[in-house]
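To start, the structure under review is shown below, and the notes come after it.
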Amino acid sequence: MATTDRHVTTLALAHALSAAERGLAVIPLSRTKLPALRSPHHAEIREAEVHAPEARHPAAHDPEARDAGPRLSLPCHGECGRPGHGVYDASTDPRRIRELFAAAPWATGYGIACGLPPHHLIGVDLDTKSGADASAALRELALRHLFTIPETVVVTTPSGGRHIWLSGPPEAVVPNSAGRLAPGIDIRGAGGYLVGPGSRTEHGVYGTVPGTAHLPPAPCPPALLRLLMPPPRAHHAAPTQAGPGTAGIHTAGHGTAGPGPVASGAAAQQGQGLVQFVLAAHEGQRNTRLFWAACRAYENGFGEALAPQLTDAAVRVGLTRREAHSTIASAARLTGRS
């Protein structure tokens with residue numbers, strides 16, 4: 001290994017050990033931001049992928065959701081005692097961390113596991129690659145739901161994005177998501193990880209916003225935490241004849257805003273708002289906006305009914321019908337409606 005590579009790995013280990021001193025469990029990462037250690041069960045996983053190829057990359061048609069979609073289940077989560085189980089290898093034990101990095105001398109960075117005590121870390125990832133203004137979207141959410149982001153650690157990414165670190169209550173299991181909160185905003189929660197500051201990737205080095213590195217992860221505002229938690233599953237009543245202005249959207253049964261006509265009007269209004277959201281997409285935003293709108297529709301119980309209108313809107317702004325169908329199908333899978 002070249003001297004430069006050894007220096008990068010040594011520096012990554014130093015940063016990882018420093019994070020562990022703050023109670024953050026870490027794993028070594030490669031330049032691709034993936035766990036540096038290969039799974040000891042890779043032969044079993046490859047065989048499973050052969051029999052279920054779609055499970056390998058279930059969000060392949062939706063790049064923004066790729067980090068949050070379901071994955072093939074590993075044979076174990078580290079119970080075998082061997083390293084190579086991704087975030088399940090994460091540790092705050094200096095000796096264990098040194099062992100992991102020794103087993104991965106090519107590591108150039110480290111990942112910080114989310115959802116673990118004592119911080120129960122939640123990462124708000126403001127992306128810039130999707131063409132959406134994620135920072136503006138977060139400010140709009142804060143104004144609409146009356147919360148402010150407290151002073152906390154803010155990590156800068158090579159692409160110009162930012163990761164906001166927040167701590168959650170022990171009883172809250174925040175799921176990972178991509179674009180569910182708003183286009184360009186990804187969430188790293190239980191079972192996910194954040195690239196730690198000081199990590200070097202093939203695109204550059206992760207850093208921190210000046211004045212934030214020493215801060216502890218601040219408590220997540222309750223109003224924001226409510227948005228991050230998974231929505232309750234809707235219970236559907238039997239389809240009814242659509243009235244004027246309902247656009248074919250059937251209402252949910254239990255847990256709706258009110259009796260049939262009121263709920264129908266609210267659903268129709270929200271559905272048309274999602275269609276208009278897609279129609280307002282510029283080049284570079286079309287797939288992101290369609291995916292976000294489809295997720296919201298499925299979460300609120302009328303995704304299947306609204307899918308044809310979302311497809312037509314996506315085609316009008318430049319996507320092919322096949323691309324639109326694939327993106328909507330990805331949203332259905334992610335929200336558990338497929």
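Numbers here are sequence positions counted from 1.
- The shortest distance between side-chain heavy atoms of L224 and I122 does not fall below 4.5 Å.
- With hydrogens and angles disregarded, a donor-acceptor distance shorter than 3.5 Å links the side chain of R180 to the backbone of L228.
- For T156 (side chain) and V209 (main-chain N/O), no donor-acceptor pair under 3.5 Å exists by modelled atom type.
- Closest heavy-atom contact between L17 and P94: CD2-CA, 3.9 Å.
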Side chain to side chain donor-acceptor pair (under 3.5 Å) between R6 and T9, intermediate numbers included: CA-CA 5 Å; R6 284 200 300 270; T9 302; over 6 Å; no
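- Judged purely by atom type and a 3.5 angstrom limit, R289 uses its side chain to pair as donor or acceptor with the backbone of F277.
- Put simply, the side chain of N176 gets close to the backbone of A190: a donor and an acceptor are under 3.5 Å apart.
- When every heavy atom of V87 is checked against every heavy atom of G192, the shortest pair comes out as CG2-O, 3.7 Å.
- Put simply, the side chain of T152 gets close to the backbone of W165: a donor and an acceptor are under 3.5 Å apart.
- Ring-plane geometry between H15 and Y110 is classed as parallel, the angle between the planes falling under 30 degrees on a 0 to 90 degree scale with a further cut at 60.
- Under a hydrophobic clustering in which Ile, Leu, Val, Met, Phe, Trp and Tyr are joined whenever their side-chain heavy atoms come within less than 4.5 Å, directly or via other members, L279 and V315 fall into different clusters.
- Hydrophobic clustering (ILVMFWY, side-chain heavy atoms < 4.5 Å, transitive): L11 and V155 are in distinct clusters.
- Taken together through direct or relayed side-chain contacts under 4.5 Å among Ile, Leu, Val, Met, Phe, Trp and Tyr, V173 and Y193 form parts of separate hydrophobic clusters.
- For D186 (side chain) and V124 (main-chain N/O), no donor-acceptor pair under 3.5 Å exists by modelled atom type.
- The two residues L37 and A103 come nearest to each other via the heavy atoms CD2-O, 3.4 Å.
- Note on L34: it clusters hydrophobically with F101, by side-chain heavy-atom contacts below 4.5 Å among ILVMFWY residues.
- Cluster membership check: L116 does not share its hydrophobic cluster with I27, using side-chain heavy-atom separations under 4.5 Å among Ile, Leu, Val, Met, Phe, Trp and Tyr.
- For the pair W106 (side chain) and S30 (backbone), a donor-acceptor distance under 3.5 Å is absent.
- Taking 4.5 Å as the limit, some side-chain heavy atom of E99 sits within range of a side-chain heavy atom of R96.
- Here the options are L225, L121, L166, the test is side chain to side chain contact (heavy atoms under 4.5 Å, CB included), and the partner is V174; only L225 passes.
- With hydrogens and angles ignored, the 3.5 Å screen pairs no side-chain donor or acceptor of R22 with any backbone N or O of S18.
- No side-chain donor-acceptor contact under 3.5 Å links T201 to the backbone of K33.
- Checking side-chain atoms of R286 against main-chain N and O of V317 turns up a donor-acceptor pair under 3.5 Å.
- Note on R321 versus D312: salt bridge recorded, some NZ/NE/NH1/NH2 to OD/OE distance being below 4.0 Å.
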